[in-house]
Colleague: 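Next up is a structure, given as structure tokens.
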Amino acid sequence: MHSIKPLLQPPPDEQILLAQAQNLAGYSLGELAAIAGLPVPPDLKRDKGWIGILLELWLGASAGSKPEQDFAALGIELKTIPIDSLGRPLETTFVCVAPLTGNTGVVWETSHVRHKLRRVLWIPVEGERQIPLADRRVGSPLLWEPSPEEEQQLRLDWEELMDLIVLGQVERITARHGEVLQLRPKAANSKALTEAIGADGSRILTLPRGFYLKKNFTAALLARHFHV
DNA sequence: CCGTGATCATTG
DNA sequence: CAATGATCACGG
């Protein structure tokens, strides 16, 4: 018999949120889905965000497409992160869409990236494809805030990428730019286009991009917490 | 199309 | 075999 139940409202304070997150540790996705009355897809091929939605439901996050933190009142963003058997991330972590126009004068301090990463509740989840989706287990949560060093790394990468975007070099940016933060396509497909600044300062159409945390960065912050 | 949730799958 | 570039679903 289980004694846990999904939060139906945003948690009123941080302690409630953390307690609930800790209570989920050890449960499988199949168990959590069953209690919540959510069907488990055969795999994630057509349901890439399913685990995120499931954990949002369990933690009382306001599901939706609002460009805000998941727990706005608490200033906390929720991120599920797929890990291997050693606790290392299997995927990069999407942060937010990158603004490709209207960026003259933007600074790190007020950027969406910094705001999103101010405080993150990381929920590691077993992610190896050999494990059936329903059998994958939720790990212990980690409420993280960037250290001064981490914020500096993020800021330097962000500034380099934003400079290139402002200077009309967005199509010359590859995922290889940036040590811990990278810019990659974020779209339904390669036909989705959005406005950006071209090399000569004119208006061009290009793929929408998003900022992603590279695995070296998330691996380090997870390791610091879980491998003492 | 945009922003939310991300992972897939081809390729170097 | 890791990483890059591409892609999937949905509400608004």
Colleague: Whole angstrom is fine here: how far is it from NE2 in His115(A) over to P in dT4(B)?
Modeller: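 After rounding, the gap between these two atoms is 12 Å.
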Colleague: Could you state the interatomic distance from CD1 (Ile76(A)) to CZ (Arg119(A)), rounded to the nearest 0.5 Å?
Modeller: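 Spacing of CD1 (Ile76(A)) from CZ (Arg119(A)) equals 4.5 Å.
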Colleague: Would you kindly give the NZ-to-C1' distance between Lys215(A) and dT4(C), to the nearest whole Å?
Modeller: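 Taking NZ of Lys215(A) and C1' of dT4(C), I get 11 Å after rounding.
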Colleague: Leu207(A) CG to dT7(C) P: how many Å, rounded?
Modeller: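 Atom-to-atom, Leu207(A) to dT7(C), this comes out as 8 Å.
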Colleague: In whole angstroms, how far is the P atom of dA9(C) from the CH2 atom of Trp50(A)?
Modeller: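 After rounding, the reported distance stands at 16 Å.
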Colleague: Looking at CD1 of Ile4(A) and CG of Leu32(A), how far apart are the two atoms once the value is rounded to the nearest 0.5 Å?
Modeller: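 Those atoms lie 5.0 Å apart.
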Colleague: According to a strict under-4.0 Å criterion, is Arg129(A) in side-chain N/O contact with OP1 or OP2 of dC8(B)?
Modeller: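 For dC8(B), OP1 or OP2 has a side-chain N or O of Arg129(A) closer than 4.0 Å.
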Colleague: Contact class for Ile51(A) (heavy atom, under 4.0 Å): base, sugar-phosphate, or nothing?
Modeller: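 Counting heavy atoms under 4.0 Å across all strands, no contact is made by Ile51(A).
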Colleague: Taking NZ, NE, NH1 and NH2 as the nitrogens, is one of them in Arg118(A) or Glu145(A) under 4.0 Å from a carboxylate oxygen of the other?
Modeller: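 Yes, this pair counts.
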Colleague: Looking for any heavy atom pair under 4.0 Å, which part of the strands does Glu77(A) touch: base, sugar-phosphate only, or nothing?
Modeller: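 Contact class for Glu77(A): sugar-phosphate only.
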Colleague: Please work out if Gly49(A) contacts a base, only the sugar-phosphate, or nothing of the nucleic acid, heavy-atom cut-off 4.0 Å.
Modeller: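 If one applies the 4.0 Å heavy-atom cut-off, Gly49(A) turns out to touch a base.
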Colleague: Does this structure show an ion pair linking Glu151(A) with Arg114(A), if we count only N-O contacts that are shorter than 4.0 Å?
Modeller: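 Yes.
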Colleague: In terms of side-chain heavy atoms of Lys45(A), which of dC2(B), dG3(B), dA9(B) is nearest?
Modeller: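 That would be dA9(B).
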Colleague: Hey, is the side chain of Lys186(A) pairing donor to acceptor with the base of dG5(B) inside 3.5 Å?
Modeller: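 Answer yes: a donor N or O sits under 3.5 Å from an acceptor.
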Colleague: On a heavy-atom basis, which atom in Arg209(A) and which in Glu171(A) lie closest, and how many Å separate them?
Modeller: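 Result for this residue pair: NH2-CG, 4.1 Å.
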Colleague: Quickly work out the Arg184(A) CZ to dA9(B) C1' distance and round it to whole Å.
Modeller: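 Nearest whole value for this atom pair: 12 Å.
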Colleague: Starting at atom CG of Leu78(A), determine the distance to atom P of dG3(B), rounded to an integer number of angstrom.
Modeller: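 Between P of dG3(B) and CG of Leu78(A): 20 Å.
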Colleague: Determine the contact category for Leu193(A): base if any of its heavy atoms lies under 4.0 Å from a base atom, sugar-phosphate if only primed atoms, P, OP1 or OP2 are that close, otherwise nothing.
Modeller: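 Here Leu193(A) touches the backbone only, sparing every base.
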Colleague: Picking from dT7(C), dC8(B), dT7(B), which would you name as closest to the side chain of Ala187(A)?
Modeller: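 Of dT7(C), dC8(B), dT7(B), dT7(C) is nearest to the side chain of Ala187(A).
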Colleague: Both Thr194(A) and Gly52(A) contact DNA chain B. Taking the nearest nucleotide for each, which residue is further toward the 5' end?
Modeller: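 Its nearest nucleotide being more 5', the pick is Thr194(A).
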Colleague: Round to a whole Å and report the spacing from OH of Tyr212(A) to P of dA6(B).
Modeller: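 Spelled out: OH on Tyr212(A) to P on dA6(B) is 12 Å.
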Colleague: As a test of reading the structure: which of dG5(C), dG5(B), dT7(C) is closest to the side chain of Ala175(A), going by heavy atoms?
Modeller: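 Comparing dG5(C), dG5(B), dT7(C) against the side chain of Ala175(A), the answer is dG5(C).
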Colleague: Rounded to the Å, how far apart are Phe94(A) CZ and dC10(C) P?
Modeller: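 Atom CZ in Phe94(A) sits about 18 Å away from atom P in dC10(C).
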Colleague: Of the nucleotides dA6(B), dT4(C), dA6(C), which one has an atom closest to the side chain of Lys79(A)?
Modeller: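 Looking only at side-chain atoms, Lys79(A) lies closest to dA6(B).
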Colleague: Closest approach to the side chain of Leu44(A), judged atom by atom: which nucleotide of dC8(C), dT7(B), dT4(B) is it?
Modeller: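 Output: dT7(B).
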Colleague: Side chain of Ser190(A) only, please: which of dT7(C), dA6(B), dG5(C) is the nearest?
Modeller: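 Of all the options, the side chain of Ser190(A) is nearest to dT7(C).
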Colleague: Any ion pair linking Arg137(A) and Glu126(A) (charged N to carboxylate O, less than 4.0 Å)?
Modeller: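 Looking at Glu126(A) and Arg137(A), the cut-off is not met.
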Colleague: Between Thr92(A) and dT4(C), does any side-chain N or O lie under 4.0 Å from OP1 or OP2?
Modeller: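 No, no such contact exists.
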Colleague: Considering every strand and a 4.0 Å limit on heavy-atom distances, what is the contact class for Asn216(A): base, sugar-phosphate, or nothing?
Modeller: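 The answer is nothing, as Asn216(A) stays clear of every strand by at least 4.0 Å.
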